[in-house]
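Note on naming: letters A, B, ... go to the chains in the order of the sequence lines (proteins, then strands), and numbering restarts at 1 for each one.
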Amino acid sequence: MTPDSPPVLKFEHVTVSFDGQVALDDVSFEVREGDSRILFGAAGSGKTVLLKASLGLTRPDSGRIFVFGQDITLLKESQLSDIRSKVGMLFQESALFDSMTIEENVAYPLFNQKAIHCEAAEGRQKVVDALRFVELENTLAKFPSELSGGMRRRAAIARAVVTGPPLLLYDSPTAGLDPITANNIIALIVKARDASRTTTLMVTHRYQDGNLVAKFRYNLEDGRLEHVAGRDPGFDASTRFMVFREGRLVFDGTQRELEESSDPYISKFVLKRD
Amino acid sequence: MLEFLKSPIQTVQGFFILAGQALRNIIRTPHYSQDIFLQMDIIGVGSLPIVILTGFFSGAVLALQMSRALSEYGQVGRTGQVVAITLVRELGPVLTALMVAGRNSSGIASELGSMKVTEQIDAMRALGTDPVQKLVTPRLIATCTVLPLLTVIADFIGMFGGSVVAAMINIPATQYWTSVWRALGWSDVVQGLMKPFCFAFAIALVGCYYGLSTTGGTQGVGRATTQAVVVASVLVFVLTFFITKIFVSGVVNL
Ligand SMILES: Nc1ncnc2c1ncn2[C@@H]1O[C@H](COP(=O)(O)OP(=O)(O)OP(=O)(O)O)[C@@H](O)[C@H]1O
Ligand SMILES: [Mg+2]
């Protein structure tokens, strides 16, 4: 990674609106390779729209979006498949295909993207590995409706990471889950990030999630999360926080800056320690 | 005034764009043949019981009504002829299409609608699949294949229903079937097969269009389903009028 490599994801004055109602309002930011971003914001503040716009699923009214240095704003649907095959996304409602088993769901990205060529046996191994990664290797033949909400979320994470994409977008991975399952899922996200230096964007409502991603690193040797904040300045700088309010990006900075912010809206997202 | 017209015009435009994409995809790879066969099974085999029931009873009631009317002119013997022509030209195609519209326009709309509101359509696009190619085209091909077949089955069952009634009012079976056979010309058969083929387009595409344009959660799915059935059923009547008009005015000569 060279310092002047193009940002993995870059928004330039992006505005998105639906029927005259603004969902993203003049948003600009960039994410460098290997960095993590935590996105906070009240319901309806445009976080999901931002992630979908990064994939070209929602088109901006104005502004430009670059993914891996390529301007996707004017690309046609058929031209987007190359970029999309390099991005994994966890949708807010998991979005597993109801009519397919978990195995077929997780295998779907391997066998349906033009840019990815995968032999049947190799693909099956990858599916099993991805499901083992999220500790769901016993549910291969089950349908999404037979799993609990947390299991569905994990299966959807497996589907997002199975191709090993260099950019991962997670939309509210812990929403509506108990604290134990939620922490397990964040641990998986940290693990996916540190196993292959994946650039990660994560929308969340829980401050602890952001805190875990910012302060912990997955140790490949002993397979556990370790607290590294304050010991490696490069690591500390690699996670930044963004706060959205009614479509506008009202905060973009480090965890320390976020905790020190005196803005009442922004500080609502910070878990007070005292 | 313009505001009032905007939404129906957008609907029609969206519908034709979807129709164009679905048709174009027929000749494009990848083909999801497995999905086509699955849909044929759901739409065709699944609709068979209701098509058989409606076919039988519409043929029977037709024979009942017609034999009474014809008896006033002393022509009870021609019951078979009237039943056959009415069934093959009009009632067979229309009633079958209405049944399939009620069953499958709604089924398609609610299935695609739920996929839309649970972000599965977005996920499909994100994973490199064109939802029109994967979802709409197979349903269109399947409906266009099975609806004419279902209609033929409904026609025959209807004629059989008529023959049961004919036997009840003492028309000899040979007389009934001879008049059925004599009544039908090529033009009736062509008309009777062209209609279901056109209805199939309306049924499949209307279901898919309302499904894919669903907004507003599960409530929206309910709305899309209702609209799909209503629009598809009305379209069946509109189309049958125009197709009949073409045949009656002799544009197509057979
Ligand atoms: N497809 C759509 N059509 C119309 N409006 C939309 C659509 N998607 C999003 N919006 C609007 O855009 C705004 C932002 O929505 P978004 O889904 O990004 O919120 P969010 O930040 O993800 O909220 P939450 O935390 O509840 O998921 C909302 O006002 C929403 O109504
Ligand atoms: Mg959201």
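Among all heavy-atom pairs drawn from Asp98(A) and Gln120(B), the shortest one is OD2-NE2, 3.0 Å. Residues Met115(B) and Phe97(A) come closest through the heavy atom pair CE-CD2, 4.4 Å.
Of the possible polar contacts, one joining the Glu119(B) side chain to the Glu93(A) backbone as a donor-acceptor pair under 3.5 Å is found. No donor-acceptor pair under 3.5 Å is formed between the side chain of Glu77(A) and the backbone N or O of Asp130(B).
Contact annotation for Leu57(A): both backbone and side-chain heavy atoms come within less than 4.5 Å of a heavy atom of chain B. Heavy atoms of Leu96(A) lying under 4.5 Å from chain B belong exclusively to its backbone. Heavy atoms closer than 4.5 Å to chain B are found in the side chain of Tyr108(A), but not in its backbone. The part of Thr48(A) that comes within reach of chain B is its side chain, from C-beta onward, which places non-hydrogen atoms under 4.5 angstrom from that chain.
Enclosure of atom CD in Gln219(B) is not indicated, since only 12 or fewer non-hydrogen atoms of other residues, nucleotides or ligands lie within 6.0 angstrom. Residue-environment remark: CZ (Phe197(B)) stays at or below the threshold of 12 foreign heavy atoms within 6.0 Å. When the shell of 6.0 Å around CZ of Phe111(A) is examined, it contains more than 12 heavy atoms from other residues, nucleotides or ligands. At most 12 non-hydrogen atoms from other residues, nucleotides or ligands lie less than 6.0 angstrom from CZ of Arg124(A). Within 6.0 Å of the NZ atom in Lys134(B), the count of heavy atoms belonging to other residues, nucleotides or ligands exceeds 12.
Ranked by heavy-atom pairs shorter than 4.5 Å toward chain A, the options Ala126(B), Ser114(B), Gly128(B) are led by Ala126(B). In terms of heavy-atom pairs under 4.5 Å with chain B, the best-connected choice from Ile116(A), Leu55(A), Asn112(A), Thr58(A) is Asn112(A). In terms of non-hydrogen atom pairs under 4.5 Å with chain A, the most contact-rich of Asp122(B), Thr118(B), Thr129(B) is Asp122(B).
Identified by a heavy-atom distance below 4.5 Å to chain B, the contributing residues of residues 81-91 of chain A are Arg84(A), Phe91(A), in residue-number order.
Under the 4.5 Å side-chain criterion, counting only non-hydrogen atoms from C-beta, Thr215(B) is not in contact with Phe18(A).
Applying the ring pair (Phe, Tyr, Trp, His ring centres under 6.0 Å) rule to Phe133(A) yields no partners; only residues at least two apart in sequence or on another chain are considered.
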